[in-house]
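Reminder, nothing fancy here: chain letters follow the sequence lines and each chain counts from 1.
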There are 2 protein chains.
Amino acid sequence: MKKFRPIDRMSASLPTIRRLPAYLQVVRQAEADGVVVISGTTIAQELELEPIQVRKDLAVTGIIGKPRVGYVVKDLITALEHFLRWDVTHTAVVIGAGHLGTALLGHTEFRKNGLNVIAAFDTDVAKVGKRFHGIEVFSTDELSSYLTTHGVTLVILTIPAHVAQEICTKVIEAGVKAIWNFTSIKLKVPEGQTGVLIQKEDLSSGYAVLSVRA
Amino acid sequence: MKKFRPIDRMSASLPTIRRLPAYLQVVRQAEADGVVVISGTTIAQELELEPIQVRKDLAVTGIIGKPRVGYVVKDLITALEHFLRWDVTHTAVVIGAGHLGTALLGHTEFRKNGLNVIAAFDTDVAKVGKRFHGIEVFSTDELSSYLTTHGVTLVILTIPAHVAQEICTKVIEAGVKAIWNFTSIKLKVPEGQTGVLIQKEDLSSGYAVLSVRA
DNA sequence: TAGATTGTTAATCGATTAACAATC
DNA sequence: TAGATTGTTAATCGATTAACAATC
């Protein structure tokens, strides 16, 4: 019997993609608890979502469930990790070894999701040469050459807003294709550059929801 | 001439609320640059959004624009900050003085948005009594009494997932009404408790978008 | 068999976008 | 005046939810 269906990552909506990690978290926990099969209904309950939404979302991963039973936990984890591309290693560097940057260097959860941070960069000479959580800090002067020689295509930006666009342009010129932007400004891909994706991580928007709705 | 219209925070959609901080960021920058009036079109360009979306969003803040000209920068900042309730101080504590927790303690940007972190809590006796960025770390044993005596209604959770629900329940019993949840699990409000809002801040969902779409 | 769940197709809901009159 | 922009009302689009046959 078939376990998986072909997947089409482009057809998945953004809201769906954003919910998948929560499903994976729940299903991994279930696996750790020794659960063998799990229904969409159970996952929905855990996350306070509608069962139909969970089923629709899981469908994009290509998983095939069993009516009356649910999904095989092991297969569902495989399907989710594969769809998210978390079953392969993504090599990244952190640019900006400030509070947030060093915190992210110590964030062990990333490793579980295929994200491997191999270096950090900072302009502060006092930080260069130091290691945070085992990851060495290099001078920003070496950034471009490092990215090129190591073939890094993903960078995590935790630098001050006023230098963010400059660094963004620089790393794109060095071949970076994905930028995880933790700065407070919206970064723009320079004209003529294609295939670059910038994801803004916005702490203030979550705080806005709390503060307006509370 | 009227500058503002009455506002209704409950009528604003979640996507709109989440975009407002980005507008505020742009308009504050414009003010710093000496700009006196700014059009929705200009803001839209800066954030790569549609002008109509910016106008619709700004309307919820009660700001009244001038056709042909745009919005008075000073008034727009006032309207955005007031709508977001960022013009008053929100007292909060950080629970969990690990990597992320201490990074947030040093996050000066919060202060600009009315968020005032007055204490941190941790179970690690080695951390208790220490100060991070001027904020003292207390023992988790003192958490409930501290929250009650200081009337804290907002907490920031940066603790391990396996203790998160327990602490969540505890702080709600101590009168907390808003929880900014940085843990990887979905927290639930205990039955019978009302008026509690939990906002999950999910790093992995942003990473999922990058990794699927890149 | 009875009943719970999957997965598809259709309906609904809400957010985004378009159109356009009003305005300075 | 001409033209750009606001703000309202209407249309469109896409995501969520509902309905239900298929399945074990």
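- Between the C1' atom of C:dT6 and the CD atom of A:Gln53 lies a distance of 16 Å, rounded to the nearest Å.
- Both A:Lys66 and A:Ser13 sit near DNA chain D, but only A:Ser13 has its closest nucleotide nearer the 5' end.
- In this model, a side-chain donor or acceptor of A:Lys56 finds a partner on the base of D:dT17 within 3.5 Å.
- DNA chain D lies under 4.0 Å from at least one heavy atom of each of the following residues of residues 2-11 of chain B: B:Arg5.
- Judged purely by distance below 3.5 Å, without hydrogens or angles, the side chains of A:Asp57 and A:Thr16 pair a donor atom with an acceptor atom.
- Here the side chain of A:Thr89 pairs no donor or acceptor atom with the backbone of A:Leu115 at under 3.5 angstrom.
- Separating the OH atom of B:Tyr71 from the C1' atom of C:dT23 is a distance of 13 Å, rounded to the nearest angstrom.
- B:Ile64 places its CD1 atom 7 Å from the P atom of D:dG7, with the value rounded to the nearest Å.
- What separates CG of A:Asp57 from P of C:dT5 is a distance of 18 Å, to the nearest Å.
- Whole-Å rounding puts the B:Glu50 CD to D:dT5 P distance at 14 Å.
- When each of C:dT16, D:dT16, D:dT17 is scored by its nearest atom to the side-chain atoms of B:Thr16, the top-ranked nucleotide is C:dT16.
- One can place CZ of A:Arg55 at 15 Å from P of C:dT9, the figure rounded to the nearest angstrom.
- The distance from atom CD1 of B:Ile43 to atom C1' of D:dG7 is 15 Å, rounded to the nearest whole Å.
- Although no hydrogens or angles enter the test, the distance criterion places no donor-acceptor pair under 3.5 Å between the side chain of A:Arg19 and the main chain of A:Val54.
- With hydrogens and angles left out, the side-chain atoms of B:Glu109 and B:Asn113 include no donor and acceptor closer than 3.5 Å.
- When atom types are taken as modelled, the side chain of B:Asp8 and the backbone of B:Met10 share a donor-acceptor pair closer than 3.5 angstrom.
- Under the 30°/60° scheme for interplanar angles, the aromatic rings of B:Phe182 and B:Trp180 are found to be tilted.
- Proximity note for A:Ile52 (side chain, C-beta onward) versus D:dT8, C:dT6, C:dT8: the nearest is C:dT8.
- With respect to B:Glu50 and B:Lys56, no salt bridge is recorded, no charged nitrogen being found less than 4.0 Å from a carboxylate O.
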> Under a cut-off of 3.5 Å for both distances of each Watson-Crick or G-U pair, what dot-bracket string does DNA chain C give, using [ ] for crossing pairs and | for inter-strand pairs?
Replying inline: ..||||||||||||||||||||||
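- One can place CG of A:Leu76 at 16 Å from P of C:dT5, the figure rounded to the nearest angstrom.
- Between A:Glu48 and B:Lys188 there is no salt bridge, since no side-chain nitrogen of the basic residue lies less than 4.0 Å from a carboxylate oxygen of the acidic one.
- With respect to A:Ile156, the side chain to side chain contact (heavy atoms under 4.5 Å, CB included) criterion is satisfied by exactly one of A:Val94, A:Ile179, A:Asn181: A:Val94.
- Annotation: of the two residues near DNA chain C, B:Arg19 and A:Arg68, the 5′-most nearest-nucleotide partner is A:Arg68.
- Distance from the side chain of A:Pro67 is smallest to C:dT5 among D:dA18, C:dT5, D:dT6.
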